[in-house]
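Lettering of chains follows the sequences in order, A, B, ..., and the numbering in each one begins at 1. What you see is a predicted model, and the numbers here were worked out from it, not measured in a lab.
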Amino acid sequence: MNTADLHGLPPGVPEHLQSEGIEELYPPQGDAVDAGILDGESVVASIPTASGKTLIAELAMLSAVQRGGKALYIVPLRALASEKKAEFERWAEYGVTVGVSTGNYQSSGEWLGSRDIIVATSEKVDSLVRNGAPWVDDLSCVVADEVHLVDDRHRGPTLEVTLAKLRKINPGLQTVALSATVGNADEVADWLDATLVQSDWRPIDLKMGVHYGSAINFDDGSQREVPVERGQKKTAALVDDTLKEGGSSLVFVNSRRNAESEARRLADVTKARLTGQERDDLRELAKELRDVSDTDTSDDLADAVAKGAAFHHAGLASEHRALVEEAFRDRLIKVVCATPTLAAGVNTPSRRVIVRDWRRYDGEFGGMKPLDVLEVHQMCGRAGRPGLDPYGEAVLLAKDSETMDELFERYVWAEAEDVRSKLAAEPALRTHLLATVASGFANTRQGLLDFLDQTLYATQTTESGRLETVTDTVLAYLEANEFIEREEGTIRATNIGHTVSRLYLDPMSAAEIIDGLRYAADKRVEKLRVIEGGGSASKSSKSSRPSKSKNEPDETAGFTTASELQAERDGEDDDVEDGDDENLDADDFETTYPTPLGLYHLVSRTPDMYELYLKSGDRETYTELCYEREAEFLGRTPSEYEDVAFEDWLAALKTARLLEDWASETDEDRITDRYGVGPGDIRGKVDTAQWLLGAAEQLAGDLDLGNNVAVREAKKRVEYGVREELLNLAGVRGVGRKRARRLYEAGIVSRADLRDADKSVVLAALRGRQKTAENILEAVGRRDPSMDEIEEDTSTRVAAGASEDDDGQASLGDFG
DNA sequence: GCCCGTCACATATAGACAGCATGTC
DNA sequence: CTATATGTGACGGGC
């Protein structure tokens, strides 16, 4: 089918497609048009990666807009949201407007309402529906990208429920679901009342094969000699082989560490084949990567990249990832060793894909578990860059002929698994039943069951009654925690229930947080009563030890290097927080209870916080810490000997400790090696903690518990990664944790000080960066921010520390 | 005395969404 | 932790 024959699109669009070189539609795209995609018909397109799924979606959305409608494009990842938005924005010249809404990307409801196409993550859409975004009623077309993810245990149910809700709100809604090739696409199509378009067609040929001995054996029967020299690794031979033809490779491995070590090894392979220009460009890129964060991860990545290789996994900061992805697309980086982050993320095609590891450690499984066929196919699908490569090659590795046979059978010839709904799990229903009640979708038990009947789960299940049983369990749970009320058969959400749903909390997280906050409120009342009765004894003990925040500046002013200062702070933590039940004495108690650590631990043990892994030795470390800081924890501490929950509780303590470190200005590199995480993990934890503490603050306010100020401060401290005394400064644009500390050390302790401060002192505190100093002064509202002719105050500079090249901000920012 | 290979033994294990209100070098 | 790869320390050989 020719693009010129397309109907129902905004004027100019077919011509635009032709100008992009799209004269003719790919066969699956033609099928989708035949299925009525331009006329508002629903379609499930189950076709390989990179075979033009996005255009199918665009055709549907553009024709819907042309009919005066509004379209929603649901993506699985935030990074994809911005990618798609950028792509769709080329239709702006035909009057089509695009908006994005994700957790970290701005979105006012009204503004979104004026957009023709909205791109959002499934969770964000769910949240918008819960909160009654007005434009949801106006949708005429919804696209679900990667719809096979309904199979995902954690996030699948959200997508499933959201689609069901959208379809219920808008009865005639055109649903376009894009899926990888899966076993039961027909079932998905049935569920969505859509026509199935299924095809294995790809614009560039994909050859899948297994390397064994000295050759790759492809699925089409052909072979390619790739001998492996003695002492050489297979991956090295394969990467070098591609490189000789000027192609790049993508290597998938099963752990972060493997990604890093493989990249280190392959760097020696790529290094040998770089041009002089490439060497220079890579050196520059390496510097940029190194500056992203002051951690080992950053250095290791930069070292590898300088030689033309990179690794990619979730421990990287988002800037790291973005830089690596971009340079790989530009063919500057020759090989990327990645965990599955890259398999489903943004578009990073490569001439050759090597699936080095096909098994991955899985604790629940109890050993190395073979990857799903779908997952391996997704990785392989990254092979072949449209328009650049004649074909793509995906290679699995076998050390013996037996393994080769197994790999052919298991992956090369195999069809992907069926998609199975995971909705009937309690955690999923806990969240979604509350939301369904709270947003008025249903107000009886039967109403809920009727609604659930419209989900994929219902069309798939053979086990009748299962959904009903779980529903009853979950309703009982929600009622017991006072999130819902039942009266004569009608179910209503309580005020708190509404809040919980609106905040997008797992009700179990909310229950935990509420318990903890109530515990804190009670303990506070009780303690204050004791203090009032007990009187002066505790007061005098207090006065002998000034609180740490007050005496900090004097204490730290004399240190000359950041690390000395750091060492002192770390030591001090141990001293001050050390102690028994009495470690929070009278006045401290009044002003500092609940403590940040208590609150961090509270949010860290909710199911919404992903657990940090306990390593060997950690058990002892944190058990000890648990006794040391016993007075700070909110709620009953499980018994070390009797409670199975103790292990989880300790893992949460480890997370809480990380957050406390971050909020005490501990350096990133110190945190990364103390907890065995990457810079990206710190960011993730901090981000989640911020969200949960924000929710906790609201709950504390709603329940009138009187501790929302403490929660707010704990939240602010994680947000900026600073101690209490820097909170005022750290909020200024351009001032992060490091600069705030330097300004503070130079005697500038507040925004007001900054407005009036001696410019030479400011300049010295900022290591003589004029431009930075001007920007900061402007941000804080100073009338004459100009730094022209200003000299650094050298005396201040010396006192503030002579450490070099350490001007970086926290650099954990995520600016979507 | 030193460098290196070898071996037994220990160690660690993928990913990432969400509230609200504004803004980073 | 139904496996695996990598890191670590002890040991011995060759010089």
Measure from the side chain of Leu503(A), starting at C-beta and using heavy atoms only, and say which of dG19(B), dA14(B), dC17(B) lies closest.
dG19(B)
Dot-bracket notation for DNA chain C, counting Watson-Crick and G-U pairs under 3.5 Å, with | for partners on another strand
..|||||||||||||
Using side-chain hydrogen bond (donor to acceptor under 3.5 Å, both in side chains) as the criterion, list what pairs up with Thr235(A), not counting sequence neighbours.
Glu262(A)
Of all the choices, dC17(B), dC25(B), dT24(B), which nucleotide is nearest to the side chain of Thr772(A) once you look at every atom?
dC25(B)
Between Pro679(A) and Ala317(A), the two heavy atoms sitting closest are CG-N, 4.2 Å
Does dT13(B) have its OP1 or OP2 closer than 4.0 Å to a side-chain nitrogen or oxygen of Lys369(A)?
no
Per-pair stack call Trp691(A) and dA18(B), 5.5 Å, 30°
yes
Residue closer to the 5' end of DNA chain B, Gly676(A) versus Asn775(A) (nearest nucleotide):
Gly676(A)
Would you give a per-nucleotide map of nucleotides 2-7 of chain C, 5' to 3', where B means the base has a protein non-hydrogen atom under 4.0 Å away, S means only the sugar-phosphate does, and - means neither?
BBSBSS
Could you check whether Asn254(A) gets within reach of a base, just the sugar-phosphate, or nothing at all, counting any heavy atom under 4.0 Å?
sugar-phosphate
Of all the nucleotides listed (dA18(B), dG15(B), dC20(B)), which has the minimum atom distance to the side chain of Gln698(A)?
dC20(B)
Phosphate-side-chain proximity, Ser616(A) and dA12(B), N/O vs OP1/OP2 below 4.0 Å:
yes
